[in-house]
Asks: 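Input: one structure, supplied below.
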Protein chains: 2
Amino acid sequence: MNWSKDDKRGPRGYHHGNLKEALVRAALELIAEKGPAGFTFAEAARWAGVSPAAPYRHFRDRDELLASVALRGFSEFETALSHAWDDGRPELFAAFDRLGKAYLDFARTEPAYYSAMFEAGISLTSNPELREAGDRAFAVLRAAAEKICARASGRTKPPTLMVALHIWAVSHGIASLFGRGDAARRTLPMSPEDLLEAEMLIYLRGLGVADVQSPASP
Amino acid sequence: MNWSKDDKRGPRGYHHGNLKEALVRAALELIAEKGPAGFTFAEAARWAGVSPAAPYRHFRDRDELLASVALRGFSEFETALSHAWDDGRPELFAAFDRLGKAYLDFARTEPAYYSAMFEAGISLTSNPELREAGDRAFAVLRAAAEKICARASGRTKPPTLMVALHIWAVSHGIASLFGRGDAARRTLPMSPEDLLEAEMLIYLRGLGVADVQSPASP
DNA sequence: GGACTCATGTAAACACTATTAACATGAACT
DNA sequence: AGTTCATGTTAATAGTGTTTACATGAGTCC
């Protein structure tokens with residue numbers, strides 16, 4: 001007999017082996033299916049093949065599991081954004097456009113993460129770790145805002161932080177209102193991607209950033 | 001026959017008299033307290049002083065009560081927005097500024113409505129009445145966008161619908177990320193109102209709308 | 001090897017929720 | 001009066017979050 005963990009069923013007798021990980025993955029599946037509200041601690045346990053009380057060995061309560069999902073979400077979000085941004089290479093505006101598309105793409109393809117991060121109502125003040133993860137993701141937008149601001153032509157440079165917050169708000173607004181399943185979807189005259197791109201072009205133009213073509217005539 | 005609802009205690013024997021209304025109000029209280037997820041059908045019934053099964057005479061299920069709250073929310077939202085906008089009087093940009101502040105004010109002072117409307121995940125496709133109520137509120141933003149676009153100086157006028165969607169996305173993004181209790185609040189260098197005003201000024205400038213002062217120098 | 005410990009699992013219990021079914025009441029209409 | 005029907009009740013089912021007491025087994029020290 002071969003009891004190694006590569007067995008079809010694995011050893012998996014009394015101890016699961018990697019329950020914490022399995023629960024996070026189960027939560028992701030379930031949230032993606034039925035929204036963050038429909039996600040159930042008990043069902044996650046069932047999905048992982050353990051008793052309903054087992055998860056409490058790894059998470060204080062249901063909210064802590066949700067927070068754990070959100071934490072990982074912010075981490076993957078940061079990775080996706082910074083990969084798209086790629087430090088503004090090879091060209092600032094192309095990279096900026098990729099950044100916006102990556103934002104929308106994450107919200108669409110990872111609705112479970114996105115819900116946990118922004119809609120589950122987890123308190124950031126009581127969870128510094130989560131806040132820091134969010135800040136790291138936001139730092140990518142901030143870095144992009146920095147390079148954008150450096151190109152502004154006005155007498156005074158716009159404040160980087162403000163611009164970063166603007167970019168975040170627009171992206172989140174579009175992703176949240178139009179970017180996902182038909183839960184809140186309305187019939188749009190254009191794709192969320194085009195909508196975001198147009199808005200950012202107009203905004204950059206208002207900022208006095210050069211090399212941006214007129215948005216009204218594509 | 002003066003058992004109108006103005007009676008001191010109302011008849012209130014076996015029949016409540018106005019349970020549907022009472023349930024909606026109870027839901028509002030509860031959502032405001034503990035978020036849309038923490039709201040409970042049973043607790044709403046308790047709050048109204050009836051048995052847990054009574055609400056089912058007025059709402060098919062919990063979601064339908066939530067949808068009812070959202071419906072009323074859109075109606076009040078429309079009222080608030082159109083009152084602030086006041087058809088662009090006495091001056092376009094002052095009215096537009098009021099509109100933005102009214103948006104944020106609604107999200108802050110009526111978080112229960114706002115959550116039910118945008119975060120409860122109620123399907124709009126399966127609820128035409130709700131969708132229409134949302135469209136009526138959006139129509140105010142659209143009307144504002146119309147007048148804004150008419151002032152655009154470029155060769156071609158920007159499409160009204162697109163501009164309206166942009167305004168909506170920005171407002172919702174700021175309200176949703178920074179506009180309410182500390183659930184998702186971050187430390188900001190400025191108030192949500194100032195943040196929104198600045199973003200709209202830059203946007204309008206990018207749109208080529210006249211009479212807008214430079215945003216970078218207040 | 002054997003005993004001790006501790007993280008990690010189970011089972012049983014409690015209070016609570018959504019929802020339904022069967023029954024009760026009373027307001028309105030003939 | 002009596003009937004009807006909307007609107008309430010009670011009782012039951014099934015599923016949930018969470019706690020408590022107990023069980024197991026992997027690693028550690030002798």
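So you know, we letter chains A, B, ... as the sequences are listed, proteins then strands, and number each from 1. Quantities reported herein were computed from a predicted structural model and do not represent experimental measurements.
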Asks: In whole Å, I'd like the distance from the CZ atom of A:F59 to the P atom of D:dG17.
Replies: 14 Å
Asks: Does the ring center of B:Y103 lie less than 6.0 Å from the ring center of B:F77?
Replies: yes
Asks: Mind checking if B:G17 touches a base, just sugar-phosphate, or nothing, with heavy atoms under 4.0 Å?
Replies: sugar-phosphate
Asks: Send over the distance from A:L23 CG to D:dG17 P, rounded to a whole Å.
Replies: 12 Å
Asks: Can you check the A:Y56 OH to C:dA11 P distance for me, whole Å?
Replies: 16 Å
Asks: Once ring pair (Phe, Tyr, Trp, His ring centres under 6.0 Å) is applied, do any residues pair with A:F59, and if so which ones, sequence neighbours excluded?
Replies: none
Asks: Hey, what are the protein-to-nucleotides 21-25 of chain C N/O distances that come in under 3.5 Å?
Replies:
from, atom 1, to, atom 2, distance (Å)
C:dA22, N6, B:R57, NH2, 3.2
C:dA24, N3, B:Y14, OH, 3.3

Asks: Between P on D:dG17 and CG on A:D63, what's the gap in Å once rounded to a whole number?
Replies: 11 Å
Asks: If the threshold is 4.0 Å, N to carboxylate O, is there a salt bridge linking A:E110 and A:R72?
Replies: no
Asks: As a test of understanding, state which of B:F118, B:F138, B:Y113 forms a ring-ring contact (aromatic ring centres under 6.0 Å, His included) with B:F74.
Replies: B:F118
Asks: B:N18 has an atom CG; how far is it from atom P of D:dT7, in whole Å?
Replies: 11 Å
Asks: Below 3.5 Å between N/O atoms, which protein atoms pair up with nucleotides 13-16 of chain D? Just atom names and distances, please.
Replies:
from, atom 1, to, atom 2, distance (Å)
D:dT16, OP2, A:R46, NH2, 2.6

